Amino acid sequence: MAWPGGGGEENHFNTEMERCHVQEQVEVVGKAFVDHYYNLFDNDRSSLASLYQPTSMLTFEGQTIVGVEDISCKLNSLPFGNCKHMISTIDSQPSAYGGGIVVFVSGSLQLPGEEHHLRFSQMFHLIPTQDGCFFVQNDFFRLNYG
């Protein structure tokens with residue numbers, strides 16, 4: 001199909017269409033990951049270990065933790081059992097790492113017996129695996145005070 005003004009515009013249009021398609025896929029994967037992650041966190045926290053690899057890093061309130069076992073230990077030793085995450089926003093972008101996705105989440109956390117919700121932000125860097133899934137390479141979590 002030829003566009004008025006020459007072939008250059010056609011190539012630009014095709015590139016824009018590809019970019020839009022990639023962004024749509026990234027957003028779908030990002031939302032699916034967030035739904036899965038917080039469902040596990042709220043209902044079966046010990047299963048979160050399956051989302052990390054030996055090279056994975058978690059920075060939790062400024063404390064950096066490396067590796068599946070230590071990350072799992074940290075998440076499972078938090079001083080509350082059941083909780084409920086309520087997600088406000090999910091922003092996803094493709095990363096420079098081939099096929100990777102950066103996901104930024106904001107929301108609130110309801111702890112048992114607490115009247116007030118805690119606001120939080122969390123960022124994940126997802127890396128594709130050879131079997132077509134993703135693992136969490138980087139995870140940053142912060143409560144938002146004030």
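Given the structure is predicted, the values throughout are model-derived calculations rather than measurements. For reference, positions follow the sequence shown, starting with 1.
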Among residues two or more places apart or on two chains, list those pairs meeting side-chain hydrogen bond (donor to acceptor under 3.5 Å, both in side chains) that have a residue in residues 78-87.
-> D42-H85
Contacts of N76 meeting side-chain hydrogen bond (donor to acceptor under 3.5 Å, both in side chains) (sequence neighbours excluded), chain-then-number -> S72
Hydrophobic cluster membership, F140 vs I90, 4.5 Å side-chain cutoff = no
Between E24 (side chain) and V28 (backbone), is there a donor-acceptor pair under 3.5 Å?
-> no
Could you verify whether a donor N or O on one side chain and an acceptor N or O on the other, from Q23 and E27, lie under 3.5 Å apart?
-> yes
Just checking, is any N or O donor in the side chain of T89 or S106 under 3.5 Å from an acceptor N or O on the other one?
-> yes
Taking all non-hydrogen atoms of both residues, which atom of S92 and which atom of G30 are closest, and how far apart?
-> OG-CA, 3.5 Å
May I ask whether M123 and Y145 are part of the same hydrophobic cluster, defined by side-chain heavy atoms of I, L, V, M, F, W, Y residues being less than 4.5 angstrom apart, directly or through others?
-> no
Check: L48 and S46 side chains under 4.5 Å, non-hydrogen atoms = no
Check whether L111 and Y38 end up in the same hydrophobic cluster, where Ile, Leu, Val, Met, Phe, Trp and Tyr are linked by side-chain heavy atoms less than 4.5 Å apart.
-> yes
Atom of G98, atom of P128 and distance for their closest heavy-atom approach | O-CG, 3.4 Å
Please confirm whether the backbone N or O of D35 pairs with a side-chain atom of N39, one donor and one acceptor, at under 3.5 Å?
-> no
L143 backbone acceptor or donor facing R119 side chain under 3.5 Å | no
Return yes if some donor-acceptor pair links the side-chain N/O of Q122 with the main-chain N/O of F104 below 3.5 Å, else return no.
-> no
Given side chains that start at C-beta, do those of F134 and T129 come closer than 4.5 Å, heavy atoms only?
-> no
Can you name the side-chain contact (heavy atoms from CB on, under 4.5 Å) partners of S56, sequence neighbours left out?
-> Y52, Q53, I71, F135
Once the angle between the rings of F141 and F60 is folded into 0 to 90°, is it parallel (under 30°), tilted (30 to 60°) or perpendicular (over 60°)?
-> parallel
With sequence neighbours excluded, what pairs up with Q63 under the side-chain hydrogen bond (donor to acceptor under 3.5 Å, both in side chains) test?
-> K74
Decide whether Q110 and H117 meet the rule of one side-chain donor and one side-chain acceptor closer than 3.5 Å.
-> yes
Between S108 and F120 the two heavy atoms that sit nearest each other are N-CE2, 3.4 Å
Take S77 and R45, measure what side-chain contact (heavy atoms from CB on, under 4.5 Å) needs, and give me the verdict at the end.
-> CA-CA 10 Å; S77 68; R45 198 173 308 163; over 6 Å; no
Residue pair S95 / V102: nearest heavy atoms and the distance that separates them = CB-CG2, 3.8 Å
Hey, does L51 have a side-chain heavy atom less than 4.5 Å from the side chain of H36?
-> yes
From I127 atom CD1 to N138 atom CG, the distance as rounded to the nearest 0.5 Å | 7.0 Å
Separation of N144 CG from L109 CG (nearest 0.5 Å) | 11.5 Å
Should side-chain heavy atoms under 4.5 Å link Ile, Leu, Val, Met, Phe, Trp and Tyr, which residues sit in the same cluster as M57?
-> V66
Here the gap from S47 atom OG to L75 atom CG, rounded to the nearest 0.5 Å, amounts to 12.0 Å
Atom CZ of F33 and atom CG of L126: how far apart are they, to the nearest 0.5 Å?
-> 5.0 Å
For T64, what residues pass the side-chain hydrogen bond (donor to acceptor under 3.5 Å, both in side chains) criterion, not counting sequence neighbours?
-> T59
Given side chains that start at C-beta, do those of Y37 and V105 come closer than 4.5 Å, heavy atoms only?
-> no
